[in-house]
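Single-structure report; data block below.
The figures that follow rest on heavy atoms only: side chains count, while hydrogens, waters and symmetry mates do not. If you're wondering where the values come from, they're calculated on a predicted model, not measured in any experiment.
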Amino acid sequence: MNDLTKKDSGFLSGVQGIQWAVFMLTNIIAVPVVVGAAFHMSPAEISTFMQRMLLVSGAATLIQVFIGHRLPVVEGAAGMWWAIFILLGTMCAPGEQGLLLQQLEMGLIIAGIFLAILGFLPIIEKVRNLFTPIVTGVYLILLVAQLSGSFFKSILGITATSQLNGKIAGICFIEIVIILFISLKAKGIWKSMGPLIGIVVGWSLFHFFGFNHVGKTYEPASWFAIPQLLEWGFPKFDAGIVLTSIITSVVLISNVIASILVVGIALEKEVKPKQYQKGIFGNGVNLFVSGIFSVVGVVPLSVSAGFITTTGIKKMRPLIIGAVLIMAAGFFPYIGGFLATLPLEVAYASLFIPFSQMMGFGIRDLMGQEPSPRNLLVIGLSLMVGIGMMFLPPEAFESVAPWLRNIAANGLLVGLIFCLLLEHVLFREKKRTESTNN
């Protein structure tokens with residue numbers, strides 16, 4: 001009887017592990033396609049990128065489970081991280097994409113080391129306090145604003161056909177509506193499957209109408225391959241990229257903390273303070289791993305709490321099985337090759353709702369602040385400067401020193417730095433100074 005119970009338990013854990021794997025795949029599949037397109041990667045490069053993304057996402061989840069926060073939380077590409085990749089890729093001059101990718105590798109590696117060290121220092125709360133709701137709100141709005149053009153050019157068919165295409169726009173609209181409807185109306189496990197279902201429908205319609213791009217297929221040389229380290233080349237240092245990476249990692253500390261908190265609530269379990277510190281340390285380790293494996297930075301996904309609540313899967317074993325399955329999929333080129341054929345427009349459409357939510361989070365942060373003349377001035381000036389810099393042509397910065405160019409030409413970074421100066425130096429509130437001293 002006990003053997004039978006153990007077999008049933010093992011079978012159940014396996015089924016639940018597959019559910020976790022599918023859930024993780026939902027948060028992975030679109031990222032290499034969109035980022036790869038921004039950097040003009042070949043089908044083979046996107047395919048191997050997909051392999052590495054699967055491997056790192058699974059490995060990062062296991063790292064957090066065993067040496068990090070030790071909670072059932074999946075790791076996936078952080079929206080903010082791959083937004084930075086897309087942003088810099090679209091801004092990059094032709095022929096310099098390879099160099100930029102090597103600089104991003106270095107940025108992730110340094111940010112990972114910085115965050116891992118920061119996780120065990122008593123100053124972490126002071127660093128986090130720099131990113132007030134006004135600063136994070138401005139950052140998120142600038143981030144989405146700078147990327148919105150790429151989204152609409154792709155979703156409306158302009159990227160593919162150089163003009164508005166009604167059929168492509170219609171398919172993407174159907175996909176977005178399906179994802180939105182499932183996210184708002186579905187119950188149980190289906191609620192978390194909205195993006196995956198939307199991708200399947202959008203991909204099928206693209207195939208039906210013959211919009212799958214010719215030449216995007218890739219035939220792997222073998223059925224098994226070990227993902228390579230530093231696929232984009234040896235990391236190279238750039239002050240602007242490193243600064244952007246460190247700022248992004250610090251901003252995402254709140255995401256790490258929030259993910260641990262909400263999963264603790266879903267598990268009806270009290271989370272210890274050390275788990276937050278270990279979670280931040282684990283995220284630093286995972287950013288380092290992301291850099292050496294040449295992928296987008298990962299972060300604990302707070303949507304894991306929704307998955308736990310809707311499925312009732314609270315044990316760690318199924319998550320470990322799911323993470324191992326996703327990790328193992330990274331060793332099979334045919335899986336990566338198939339997923340890499342996802343149409344760019346379908347990928348962008350699947351990310352439209354999450355990015356809209358990111359903009360909403362930024363607005364929410366700003367709406368929570370008192371509409372005082374001081375706050376309105378900080379917000380208005382920061383957004384004006386950041387968005388204004390986005391409209392300047394790249395050639396306007398040719399006279400700027402190379403080490404400073406990636407900072408000055410980045411409207412997002414300029415707006416954020418300007419906001420930090422206004423918030424904490426030029427218009428620093430006396431109340432915040434006093435409370436900090438106390």
Side-chain angles (χ1 to χ4, degrees), residues 1-31 50-78 182-183 186-197 199-200 255-256 258-272 275-276 278-279 282-283 285-286 289 298-332 335-336 339:
M1 186 70 177
N2 289 335
D3 291 340
L4 182 59
T5 303
K6 289 180 181 177
K7 287 180 182 179
D8 289 342
S9 177
F11 176 76
L12 180 61
S13 294
V15 172
Q16 293 175 339
I18 293 172
Q19 286 180 280
W20 271 117
V22 172
F23 175 69
M24 291 179 71
L25 184 62
T26 301
N27 295 283
I28 297 171
I29 184 172
V31 179
M50 186 74 73
Q51 279 184 257
R52 298 193 306 276
M53 197 75 243
L54 291 167
L55 175 67
V56 170
S57 296
T61 301
L62 295 176
I63 287 171
Q64 286 282 23
V65 166
F66 291 109
I67 68 170
H69 49 61
R70 298 177 184 271
L71 292 170
V73 186
V74 300
E75 293 274 324
I182 293 174
S183 300
K187 295 181 180 180
I189 191 174
W190 294 105
K191 191 176 181 69
S192 62
M193 294 293 107
L196 186 61
I197 295 171
I199 286 173
V200 171
N255 186 283
V256 177
S259 298
I260 295 172
L261 178 64
V262 296
V263 168
I265 294 171
L267 295 172
E268 299 178 343
K269 178 181 178 181
E270 184 180 354
V271 180
K272 298 177 182 178
Q275 286 180 279
Y276 291 108
K278 288 183 177 180
N283 190 224
V285 173
N286 288 337
V289 171
V298 296
V299 72
L301 300 178
S302 57
V303 289
S304 302
F307 182 86
I308 292 170
T309 303
T310 54
T311 61
I313 304 173
K314 297 183 178 182
K315 294 182 179 180
M316 199 74 78
R317 187 180 178 188
L319 174 62
I320 293 172
I321 293 172
V324 170
L325 288 174
I326 287 294
M327 191 175 171
F331 291 94
F332 296 94
I335 295 177
L339 296 177

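Pairing each heavy atom of Val263 with each of Pro72, the nearest pair is CG1-O, 4.1 Å. Considering every non-hydrogen atom in both Lys269 and Leu71, the closest pair reads NZ-CD2, 4.2 Å. Closest of all the heavy-atom pairs between Gly76 and Ser57 is CA-OG, 4.4 Å. Here the shortest heavy-atom pairing between Ser259 and Pro300 reads OG-O, 3.0 Å. Considering every non-hydrogen atom in both His69 and Gln275, the closest pair reads O-NE2, 2.9 Å.
Residues that satisfy the side chain to side chain contact (heavy atoms under 4.5 Å, CB included) test with Ala59, not counting sequence neighbours, are Met327. With sequence neighbours left out, the side chain to side chain contact (heavy atoms under 4.5 Å, CB included) criterion links Val285 to Ile63, Phe281, Val289. Every residue two or more places apart in sequence or in another chain that forms a side chain to side chain contact (heavy atoms under 4.5 Å, CB included) with Tyr276 is listed here: Ile257, Ile260, Leu261, Val271. Remark: Ile321 engages Ser13, Arg317, Leu325 in a side chain to side chain contact (heavy atoms under 4.5 Å, CB included) (not counting sequence neighbours).
Between the CD1 atom in Ile326 and the CG atom in Leu62 there is a gap of 11.0 Å [rounded to 0.5 Å]. Note that CZ of Arg70 is 8.5 Å distant from CE of Met316, once rounded to the nearest 0.5 Å. Note: Met50 CE to Ile29 CD1 = 5.5 Å, rounded to the nearest 0.5 Å. Within the model, atoms CD1 of Ile308 and NZ of Lys314 stand 8.5 Å from one another, a figure rounded to the nearest 0.5 Å. With rounding to the nearest 0.5 Å, the separation of CD1 in Ile335 from CG in Leu54 is 7.5 Å. Distance check, rounded to the nearest 0.5 Å: CE of Met24 to OG1 of Thr61 gives 3.5 Å.
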Fill in: Stepwise side chain to side chain contact (heavy atoms under 4.5 Å, CB included) test for Asn286 and Glu75
CA-CA 9 Å; Asn286 288 337; Glu75 293 274 324; 3.4 Å; yes
Item to complete: List the steps, then state whether side chain to side chain contact (heavy atoms under 4.5 Å, CB included) holds for Val73 with Leu319.
Response: CA-CA 8 Å; Val73 186; Leu319 174 62; 5.8 Å; no
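Considering only heavy atoms from C-beta on, Val299 comes within 4.5 Å of Leu301 through its side chain.
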